[in-house]
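FYI, side chains are in, hydrogens and waters are out, and symmetry mates aren't considered; it's all heavy atoms of this structure.
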There are 2 protein chains.
Amino acid sequence: MSGQIIPNLSVDCVVFGFDSKDLNVLLVERTLTDKQNHSIIFSDYTLTGNHVQEGENPDDAAIRILNDLTGLHDIYLEQFHTFGRTDRLLKGKDQLWIHSLGLNIADHVITIGYYSLIDCTSVEITNHLSRNVKWFPVNDLPELAFDHVEILLKALERLQLKLKQEPIGFELLSEKFTLTQVQRLYEAILDTTFDPRNFRKKISMMKYVIPLDEKQTAVRHKPAQLYIFSRDVYERTRKEHYGFII
Amino acid sequence: MSGQIIPNLSVDCVVFGFDSKDLNVLLVERTLTDKQNHSIIFSDYTLTGNHVQEGENPDDAAIRILNDLTGLHDIYLEQFHTFGRTDRLLKGKDQLWIHSLGLNIADHVITIGYYSLIDCTSVEITNHLSRNVKWFPVNDLPELAFDHVEILLKALERLQLKLKQEPIGFELLSEKFTLTQVQRLYEAILDTTFDPRNFRKKISMMKYVIPLDEKQTAVRHKPAQLYIFSRDVYERTRKEHYGFII
DNA sequence: GTACTTATTGTATATAATACAATTTATGTC
DNA sequence: GACATAAATTGTATTATATACAATAAGTAC
């Protein structure tokens, strides 16, 4: 099952989550300690990634990583870009880190970037191989290793684009959600604000966002109506768009 | 300059061109002949691709391939997807072909897909390493090697998407062009038709499509006005679009 | 019952998309 | 020079979508 790794090929997953307010991303702490005196040489964060194994499809490598991390199956996953610059692992800290691992890693590693969308209310992120895994708002990131800032920004850009084309945002919400949650989600991802009346008008045109006979409970204000997303209805009612943009 | 190749990493370029009627793609003939009796074992087509070299950025590998093929510099180039399924080179013909080359190629080759847009009136495609290189309409393709059908379709899909977001179509036209040419181009790429009045209304909103004091010559009908595209004006007048699609 | 908090709703206006056909201007021919 | 030919060019009415804007409703907490 756990075969040899391919030394020059990895995948990195930009795992997005939404907490009713911010768009967040899962990051893994990377701390290099001095083996003699156990002092910390540096500490920063990486995306969740790993090498592809011999005989493994890259998509499956990404699925494997996500499953290791979250225990979830059927996570929304999309390849968005491949990063292969020859200098992408050559910064000082990164070289120290790679050498400290003593692994079979090539000088020139190509990494295939995926982003995934998860409903973070459904997962308790378990620390992974005794490394610290945490959510960070995309607007308030810690220092990142390698070229992971570039990867993350590209993932975000592609997520924004995709969100304008397909109703993928619901992957980030619980099965039942309120329209205000949807609005906050779109606002967080697209980094803008919408008028609630106009936003709801748009949602009401989406036949695949279906109201339930159910309301929020345990809130100290007017409880909102709950909705579900039906991919089925979406597939049957989606329209083609031939327009082009000025 | 020409170093060792990386055995498990290649790039493939889907080179699009437009001939005033069809969207075309450049393909390279692949003919396997029997070394004994020189009979043809099979003949089909591949995309233009090659292995990445040690120490070479994948983007530069794609640029190198395009330059070898066309002699052009500054070709519009965009990475669109990476194809890494373990079975992508395992079909019978493909295995015969790979073994006949006797090269250092891994069983599992990951290829990074790029598409490029060229003005085919400005290039005479030179046959490449004595292999036959030809334009084919994307609607009438010959048999393709490896997973190149999948790669080509994905490239086309991404080209369509990009065309709806940015004015990249002009890369496929000569410096000076007519509005009818632009319309035919959009129609060919998006596989639809537009009403000329409505289409021109949209174009007239694009301040970066600039009329010249010049008309078509040597045509046996009313000569059309010529236009140029200004990337400069585009960059200065582009708008942000926050809408999302039903 | 009163304060508080968020959910929910409608209308007028501006902008963009669509549907649809007659006229213009060059070339080539007689 | 008149005429046929072929593509280029243009306008208006209608519909659909996007935007701007604020008052009321329905729960909980006290």
Side-chain angles (χ1 to χ4, degrees), chain A residues 18-21 163-165 167 173-174 176-188 190 192-207 209-228 237-246, chain B residues 18-21 163-165 167 173-174 176-188 190 192-207 209-228 237-246:
Chain A
F18 179 68
D19 63 5
S20 295
K21 183 162 136 320
L163 186 68
K164 293 177 192 173
Q165 288 150 8
L173 298 172
S174 305
K176 300 173 184 179
F177 49 81
T178 71
L179 295 187
T180 300
Q181 284 168 352
V182 179
Q183 185 179 340
R184 297 285 168 269
L185 173 61
Y186 273 79
E187 290 175 338
L190 300 178
T192 183
T193 55
F194 294 103
D195 174 85
R197 283 160 293 192
N198 295 337
F199 189 88
R200 281 158 188 261
K201 231 175 295 174
K202 280 204 130 171
I203 297 273
S204 70
M205 287 189 275
M206 303 175 182
K207 301 294 189 240
V209 177
I210 301 167
L212 298 172
D213 263 338
E214 204 175 335
K215 292 187 173 181
Q216 266 184 327
T217 53
V219 287
R220 38 186 277 161
H221 54 77
K222 176 175 176 179
Q225 179 152 28
L226 294 175
Y227 290 77
I228 55 168
T237 60
R238 57 142 83 234
K239 298 170 188 165
E240 291 297 337
H241 294 267
Y242 280 119
F244 55 96
I245 291 215
I246 304 161
Chain B
F18 179 66
D19 62 6
S20 295
K21 184 162 136 317
L163 187 68
K164 293 177 192 173
Q165 287 150 9
L173 298 172
S174 305
K176 299 174 184 181
F177 49 81
T178 71
L179 296 187
T180 301
Q181 285 168 351
V182 179
Q183 185 178 339
R184 297 285 168 267
L185 173 61
Y186 273 79
E187 290 174 339
L190 300 177
T192 183
T193 55
F194 293 103
D195 174 86
R197 281 161 293 193
N198 296 337
F199 188 87
R200 280 158 188 261
K201 230 175 296 172
K202 280 204 129 172
I203 297 273
S204 70
M205 287 188 277
M206 303 175 183
K207 301 293 189 242
V209 177
I210 300 166
L212 298 172
D213 263 337
E214 204 175 335
K215 292 187 174 183
Q216 265 183 328
T217 52
V219 288
R220 37 186 277 164
H221 54 77
K222 177 175 176 179
Q225 180 152 27
L226 294 175
Y227 290 77
I228 54 168
T237 60
R238 57 143 80 238
K239 298 170 187 165
E240 291 297 337
H241 293 268
Y242 280 120
F244 54 97
I245 291 217
I246 303 160

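Going from atom CZ of A/R200 over to atom C1' of D/dA20 covers 17 Å, rounded to whole Å. Across the protein-nucleic acid pair, A/L226 atom CG and C/dA7 atom C1' stand 12 Å apart, rounded to whole Å. Computed from coordinates, the A/D195 CG to C/dT9 C1' distance equals 11 Å when rounded to whole Å. The nearest whole Å value for the distance from the NZ atom in B/K201 to the C1' atom in D/dT10 is 10 Å. Note: CE (A/M205) to C1' (D/dT19) measures 12 Å, nearest angstrom. Counting to the nearest Å, the P atom of D/dA8 and the CZ atom of B/F177 are 14 Å from each other. In this structure, CD1 of A/I203 is placed 14 Å from C1' of C/dT8, rounded to the nearest angstrom. The interatomic distance linking A/F199 (CZ) with C/dG10 (P) rounds to 18 Å, in whole Å.
Looking at every heavy atom in both residues, A/L179 comes nearest to A/R200 through CD1-NH1, 3.8 Å.
Rounding to the nearest 0.5 Å places CZ of B/F199 at 9.0 Å from OG1 of B/T180. The distance from atom CG of B/L190 to atom CG of B/L163, rounded to the nearest 0.5 Å, is 5.0 Å. How far NZ of B/K215 is from CG of B/L226: 10.0 Å, rounded to the nearest 0.5 Å.
Regarding contacts with the backbone of D/dG27, every side-chain N or O of A/R220 stays at 4.0 angstrom or more from both OP1 and OP2. The phosphate of C/dT6 has neither OP1 nor OP2 within less than 4.0 Å of any side-chain N or O from A/T180. Residue B/R197 has no polar side-chain atom (N or O) positioned under 4.0 Å from OP1 or OP2 of D/dT9.
Looking at B/Y227 and B/L173, their side chains never come closer than 4.5 Å, going by heavy atoms from C-beta outward. Here the side chains of A/I203 and A/Q183 are not in contact, with every heavy-atom distance at 4.5 Å or above.
Residue order along DNA chain D, read from the 5' end via each residue's closest nucleotide, puts B/A224 first among A/V219 and B/A224.
Nucleic acid contact for B/Q216: none, since no nucleic acid atom lies under 4.0 Å from a heavy atom of the residue.
Comparing C/dC20, C/dA7, C/dT11 against the side chain of B/N198 picks out C/dC20 as the nearest.
Remark: B/T217 engages no residue in a side chain to side chain contact (heavy atoms under 4.5 Å, CB included) (not counting sequence neighbours).
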Show each protein N/O and nucleotides 23-25 of chain C N/O combination with a separation under 3.5 Å, one pair to a line.
residue, atom, partner, partner atom, Å
C/dT24, O2, B/K222, NZ, 3.4
C/dT25, O2, B/K222, N, 3.3

